[in-house]
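What follows is a single structure, written as structure tokens, with notes after it.
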Amino acid sequence: MSMNVDLAVDIGGLRLKNPVMPASGTFAEGLDKVMDFNRLGAFVTKTITRELRDGNPLPRVVEQPGSLINAIGIPSKGVSHFVERTLPHYRRYDTPLVVSISAPTTEGFASLAAELSAFPGIAAIEANISCPNIEEDGKAFAMHAGATERVTRALREATRLPLWVKLTPNTGNVPEVAQAAEASGADAVVVANTILAMAIDLRTFKPCLGNIMGGLSGPAIKPIVLRQVFQCAKAVRIPVIGCGGIATAEDAVEYMLAGASAVQVGTATFVQPAAMTTIIDALAEFCLRREIPRVADLVGGVLIEEADERDLAWLDPVAAS
Amino acid sequence: MSMNVDLAVDIGGLRLKNPVMPASGTFAEGLDKVMDFNRLGAFVTKTITRELRDGNPLPRVVEQPGSLINAIGIPSKGVSHFVERTLPHYRRYDTPLVVSISAPTTEGFASLAAELSAFPGIAAIEANISCPNIEEDGKAFAMHAGATERVTRALREATRLPLWVKLTPNTGNVPEVAQAAEASGADAVVVANTILAMAIDLRTFKPCLGNIMGGLSGPAIKPIVLRQVFQCAKAVRIPVIGCGGIATAEDAVEYMLAGASAVQVGTATFVQPAAMTTIIDALAEFCLRREIPRVADLVGGVLIEEADERDLAWLDPVAAS
Amino acid sequence: MEPMTVRPDGQQDAAGGCACAPWKASVVAELAEVVQNRAVNGEYRHMVVHCSAEAAAAQPGQFFQLLCPMPPGEAPFLRRPMSLYGAFPDRRQVEFLYKVTGAGTRGLDMLKPGDRLDIMGPLGTGYRLDPGLRHIVAVGRGAGLATLAPLARAARLNGSKITAIFSARRPDLVVSVDLFRAEGAEVITVTDQEQTSGPANVERILRGLIAEGRCNAFYTCGSSRLMRVQQRLAQEYGLPGQVAMEQQMACGIGLCYCCVRDFNVDGAIVNRRVCWDGPVFDLMEALP
Amino acid sequence: MEPMTVRPDGQQDAAGGCACAPWKASVVAELAEVVQNRAVNGEYRHMVVHCSAEAAAAQPGQFFQLLCPMPPGEAPFLRRPMSLYGAFPDRRQVEFLYKVTGAGTRGLDMLKPGDRLDIMGPLGTGYRLDPGLRHIVAVGRGAGLATLAPLARAARLNGSKITAIFSARRPDLVVSVDLFRAEGAEVITVTDQEQTSGPANVERILRGLIAEGRCNAFYTCGSSRLMRVQQRLAQEYGLPGQVAMEQQMACGIGLCYCCVRDFNVDGAIVNRRVCWDGPVFDLMEALP
Ligand SMILES: Cc1cc2nc3c(=O)[nH]c(=O)nc-3n(C[C@H](O)[C@H](O)[C@H](O)COP(=O)(O)OP(=O)(O)OC[C@H]3O[C@@H](n4cnc5c(N)ncnc54)[C@H](O)[C@@H]3O)c2cc1C
Ligand SMILES: Cc1cc2nc3c(=O)[nH]c(=O)nc-3n(C[C@H](O)[C@H](O)[C@H](O)COP(=O)(O)OP(=O)(O)OC[C@H]3O[C@@H](n4cnc5c(N)ncnc54)[C@H](O)[C@@H]3O)c2cc1C
Ligand SMILES: Cc1cc2nc3c(=O)[nH]c(=O)nc-3n(C[C@H](O)[C@H](O)[C@H](O)COP(=O)(O)O)c2cc1C
Ligand SMILES: Cc1cc2nc3c(=O)[nH]c(=O)nc-3n(C[C@H](O)[C@H](O)[C@H](O)COP(=O)(O)O)c2cc1C
Ligand code: FES
Ligand code: FES
């Protein structure tokens, strides 16, 4: 069935056998009980940090209708545990491994990337810059173009591995931040991380999460992140990897039409553990049915009339209401 | 039943008999077929502009799971139609009328507010500054603290009516924008307008909306806007009016606990036309059941331990994942 | 039928027209009870629900907004507009005739007698039947046949004779024929399959009716092509007409302005809300 | 039972341990068919589903993640963890015993025989029963009784005798007693109502069993108070023990780290995922 459809995509020189991969923090070894890991477009690890970290106080998740708020934090066993245990584990597969990293400073990011680059088996680095930058009062790097530019440049100098930069949807101007990443050498941007959110327990009047606030993910955020992917794909020439609420092949197609070259699946895996392989199969079927020979042909394929295009520069929340 | 619970709230000097009112653009005269208008805390009109406007091309709405994307635009019959027809219509009720206004320039906002202030029957002005500012390349005023400060100051000088400023959730730092509004004389901030979003039709590969992008509203956005209300209520001393996905009394309570002094109900009315009066009744019942004598006692009542409070300054998307 | 609107609680309309009459809901969202829901042909389904007196007072051309149940894996969010197909105030029932096309109507399809369905209505402005009208013509196609259906009885009660021209793809897809005949109407069916449904043939039929004095007004719904034919004839013979229009809706009660269409009012293009200013409009003002 | 995991499609585990064995799912999310779902007492409901061979191979102490149907007006989003209450590989059935507490379990409550339920499992590490064990003690309370239940048969098959101490608020809320007795177990019930459920009394009973040589290992679930009693006795007498822990879960398969708990491993506090490293842990390492 998928014989006739070419599912491969190219992400800044890295060829993936299909455009479907996990979102960082929603994937681990255990999922190989559910799916054949060799079928995935790529692996993306939970974000790792140099130092050991505990993660946030419990409760760490609370469900909302059609979505999830999480404040897991980044519990990390540190870089040596990763190099000794995790890295060898994934070498047995022919699926490329993308390692998500984080650090509290520009220099921390750069040195972690440099250190990791020495080890074989890493296909790309995904810099999760939606994390607090202690040099900027705890604001996430990806909140601003300036900090994004600095950290991306430092990363670029630190590693020759393909460099993906993962943005936050919480800033007012994601395309501008994407441009900053592109200008300083990123090979791709991942759009996006979770949207900051909150819920209060009406029985106790306390926040539902130990961390008070957390990140919203899942189907409910799809229309928002899809818009950001569309805006970013217009703003940069490097590939955009879409991530936010993807649960079905239709969602993946929508993201690719909006301009995503590949997609990451996060929360959906918690609900349907085989979501990724189901999506890969259905994506092939979709292309077959619509007589699209290569899934890459979908990328940026949304049809917009010229007249509308002109107005895009103007488009702001506003027009929305 | 509601005899024992005092539902009244005070919004910067304007006393409302209860904290429930419609969100701009989701309310009109026709709803009096469904509910007794004298029961509402306030009326809020669809945003009006000085000039006649057509609104956006069709389709203007597309539904998503648990939410709606709209790109109605601001079709407006102009200010004289409003003064001659709409204003007199609402004078028959004892519910205060809040008039939502918009303009493409600071000066336009100020002169519209000044003009309206001459007419009796307006209890407050709600400035919908989530609209494109032609002086800033079409970016919405509320995207930046600076533009917000300028337009709020001009409005403050133009009218002695209570002044509510309605913010956009699309900016990276809503509390900062709220502070700018407070500093320049706003009596309250409304948090928030819709979240910019998009959907693509997989049959045609075209955007689902004539305007390409639109604003997301409805239950799916509640966790995001609730977080912004919580952040804003910590950042300003003026009342915060919560607006985003409120469909039940529980939602309203959650918003009030997060710091909202009153709430606006928008999209929920499209699904359950009597949502507002149902919420008012259930709010009274909730307070009765929990032995809360005045609904105003809920405001900002979320229980946060001291230790957590300390970390709040640090909180950024980041921590979320 | 549990009305979910606010109970008219005796609070008074303080400064309104009549300061003494307590406010009362004229549109309700209520849980009606499904009495029947079954296929009438390969395309349409017929649903009868037991409802409040307010809902059962609906007039021809008005519509309801139905909160459709969720079919597996789908979550229709907005209500779906459906024309009144029949209203029976005495037995407190309203009827709908619908085609399954997407998530919402797939949800309707699941309903079984005894199930609850949240209906909101009656909504919009229906067809006007002026007392003096001797003979009217109803021209419909597709879901338009559902919208026109309640006119049959209303015309009889008004003392107007009615001739219906029903257009469909195939003869077996024409609905409401018996309903119209039962009310004493003549029904002419035209179909694509028989190649009788083209505008030219319908125009020929209409000219015949006009010539015989059997067309004092047009009532139409469901086809722009046929609407244009009637506009031309209405113009030519100075006949009045009304058309029920469709448009995607969110609120259904005039709040959101998503359902607007352009109308030609004395040469000026005017924007109107289908749910509130219509769905029935003056034939001559409608634009396709 | 339509397995929804990827079909083992013959693709080979290219560089893995055995390069020739095709990959095969050991955990499946599948649509099982409800065979029975009914109340066993005022609090608990018993559900039997027909499922795949993989699912029916579940071991005592393992659990499933159930995708609960949506009750009216509620939309549980995450799956809900439920312990295996019984597994019957021969007739391809698994059983659950659950208490209705919120949206998800209210959804489960709606299921009728013949309905489909999306179950994912078996998950986690279950109880270990070492071959030589002569006599074990199972101590449970609340939903812990469900978790311990499959031990009864497993112990018999292992040749171990079993004594169960079941704690509940009231005698009528104790479940699984017949199930244990049928497998030849002795069951002692202690209840709040009879004031027999306090830790002191349970400790007295346990000391008696130890003295009689009828306790070579502790198996427990559902009460921190009773767990602490057993930890103390295990320490004192050098007895092994295992405890099944609960924690809120999202993924259920070790991906998300929301279900972590602290454990005391040789004096160091270590963070572990209940869904992946457990839910059954060494008794001495567990912290309440
Ligand atoms: C005033 C009015 C009266 C109507 N009366 C009838 C009737 O009696 N019988 C009947 O079969 N159909 C009628 N329709 C059309 C009916 O509303 C649509 O078929 C229905 O909304 C489709 O919903 P869906 O979820 O099945 O389809 P989807 O395509 O999944 O719907 C997606 C969205 O588009 C809207 N939509 C889709 N088709 C239409 C349409 N034709 N008109 C307006 N909105 C649409 C839906 O309401 C929904 O918001 C009427 C429409 C209007 C406006
Ligand atoms: C490994 C494991 C095995 C379990 N086995 C059983 C069993 O056999 N029988 C039984 O009756 N219950 C069992 N539970 C508890 C059961 O999972 C909860 O009662 C159920 O999740 C409640 O869901 P709800 O939607 O009805 O409640 P809600 O309170 O609405 O649930 C809200 C959220 O909290 C979580 N949650 C609520 N209570 C618990 C709890 N006690 N433990 C973990 N998460 C919870 C839910 O999963 C959901 O994510 C088990 C829990 C775990 C972790
Ligand atoms: C439980 C959980 C943990 C996550 N951890 C990380 C992380 O460590 N690093 C990261 O970059 N993103 C993390 N994310 C964000 C996801 O990678 C993804 O960007 C987000 O969830 C949106 O995608 P989704 O809607 O498909 O889940 C996490 C998300 C969830 C739900
Ligand atoms: C159809 C529609 C039209 C709207 N029009 C306006 C408007 O004219 N002015 C405005 O300030 N907000 C407008 N809004 C935004 C709402 O007032 C509200 O801020 C938003 O919908 C979030 O609230 P909700 O989730 O309760 O709908 C509109 C929203 C919708 C859905
Ligand atoms: S549907 Fe909202 S105005 Fe017509
Ligand atoms: S529930 Fe996700 S790691 Fe345990």
Side-chain angles (χ1 to χ4, degrees), chain B residues 2 22-23 25-39 46 52-56 58-68 70-77 89-95 209 214 217-220 266-267 269-278 280-281, chain C residues 3-19 22-30 54 65 67 70 73-80 102-104 118 120-124 247-262 269-271 273 275-277:
Chain B
S2 79
T26 65
F27 179 76
E29 293 88 315
L31 205 60
D32 78 347
K33 295 187 176 231
V34 178
M35 63 177 59
D36 179 356
F37 276 9
N38 280 318
R39 297 203 59 216
K46 170 85 185 159
L52 291 157
R53 290 168 59 114
D54 272 349
N56 287 326
L58 272 63
R60 289 181 170 185
V61 297
V62 58
E63 66 174 20
Q64 298 284 296
S67 60
L68 179 71
N70 91 80
I72 303 291
I74 305 189
S76 172
K77 297 201 179 123
H89 180 87
Y90 287 106
R91 283 212 196 97
R92 75 183 69 174
Y93 304 103
D94 62 14
T95 298
L209 295 175
S217 63
T267 306
T269 296
F270 300 171
V271 180
Q272 285 301 354
M276 286 187 283
T277 46
T278 306
I280 295 166
D281 291 337
Chain C
M4 293 187 300
T5 47
V6 115
R7 279 83 57 200
D9 55 5
Q11 266 196 265
Q12 307 218 337
D13 184 357
C18 168
W23 174 88
K24 200 170 163 325
S26 58
V27 168
V28 291
E30 61 180 304
E54 285 85 349
Q65 283 267 79
L67 195 56
M70 296 194 214
E74 294 181 301
F77 177 69
L78 295 171
R79 289 173 179 263
R80 300 300 196 246
D118 185 337
M120 166 191 175
L123 297 168
Q247 190 65 287
Q248 191 197 8
M249 294 183 179
C251 71
I253 193 166
L255 318 177
C256 74
Y257 288 83
C258 84
C259 66
V260 295
R261 293 186 77 114
D262 284 337
I269 300 298
V270 184
N271 219 240
R273 289 164 290 183
C275 74
W276 183 251
D277 303 307

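By convention in this document, chain letters (A, B, ...) are assigned in the order of the sequence lines, proteins followed by strands, and residues within each chain are numbered from 1. Computed from heavy atoms alone, side chains included, the values below leave out hydrogens, waters and symmetry copies.
For the pair K33(B) and I253(C), the tightest heavy-atom approach, listed with the atom from each and the gap, is CB-CD1, 4.4 Å. Contact record, A25(C) with V34(B): CB-O, 4.1 Å, taken as the closest heavy-atom pair. Nearest heavy atom pair, residue C251(C) against residue F270(B), reads CB-CD2, 3.5 Å. Nearest heavy atoms, D118(C) versus Q272(B): OD2-NE2, 2.7 Å.
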**Request:** List the steps and the verdict of side chain to side chain contact (heavy atoms under 4.5 Å, CB included) for L67(C) and V271(B).
**Result:** CA-CA 7 Å; L67(C) 195 56; V271(B) 180; 3.7 Å; yes
**Request:** Take F77(C) and T267(B), measure what side chain to side chain contact (heavy atoms under 4.5 Å, CB included) needs, and give me the verdict at the end.
**Result:** CA-CA 10 Å; F77(C) 177 69; T267(B) 306; 3.6 Å; yes
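For P122(C), the side chain to side chain contact (heavy atoms under 4.5 Å, CB included) partners at least two apart in sequence or on another chain are A58(C), Q62(C), F64(C). Not a single side chain to side chain donor-acceptor pair (under 3.5 Å) links Q247(C) to another residue, sequence neighbours left out.
Put simply, of M249(C), R80(C), Q65(C), the one with the most heavy-atom pairs under 4.5 Å next to chain B is R80(C). Considering only heavy-atom pairs separated by less than 4.5 Å from chain C, the leading option among G25(B), A275(B), A28(B), P59(B) is A28(B). The choice from G252(C), A75(C), C256(C), A103(C) that makes the most heavy-atom pairs within less than 4.5 Å of chain B is C256(C). In terms of heavy-atom pairs under 4.5 Å with chain C, the best-connected choice from G55(B), S67(B), P65(B) is S67(B).
We find the CG-SG distance between N56(B) and C258(C) to be 12.5 Å, quoted to the nearest 0.5 Å. How far CG of N271(C) is from CZ of R53(B): 13.0 Å, rounded to the nearest 0.5 Å. Residue L255(C) holds its CG atom at 9.5 Å from CD of E29(B), rounded to the nearest 0.5 Å.
Contacts of T269(B) with chain C are made by side-chain atoms alone, with heavy-atom separations under 4.5 Å and no backbone atom involved. In this structure, chain C has a heavy atom under 4.5 Å from the side chain of L58(B), while its backbone stays farther away.
A donor-acceptor pair under 3.5 Å is formed between the side chain of W23(C) and the backbone N or O of D32(B). Under a 3.5 Å cut-off, the side chain of R60(B) and the backbone N or O of Y257(C) do form a donor-acceptor pair.
E63(B) has no carboxylate O lying under 4.0 Å from a charged side-chain N of R79(C), or vice versa, which leaves the two without a salt bridge.
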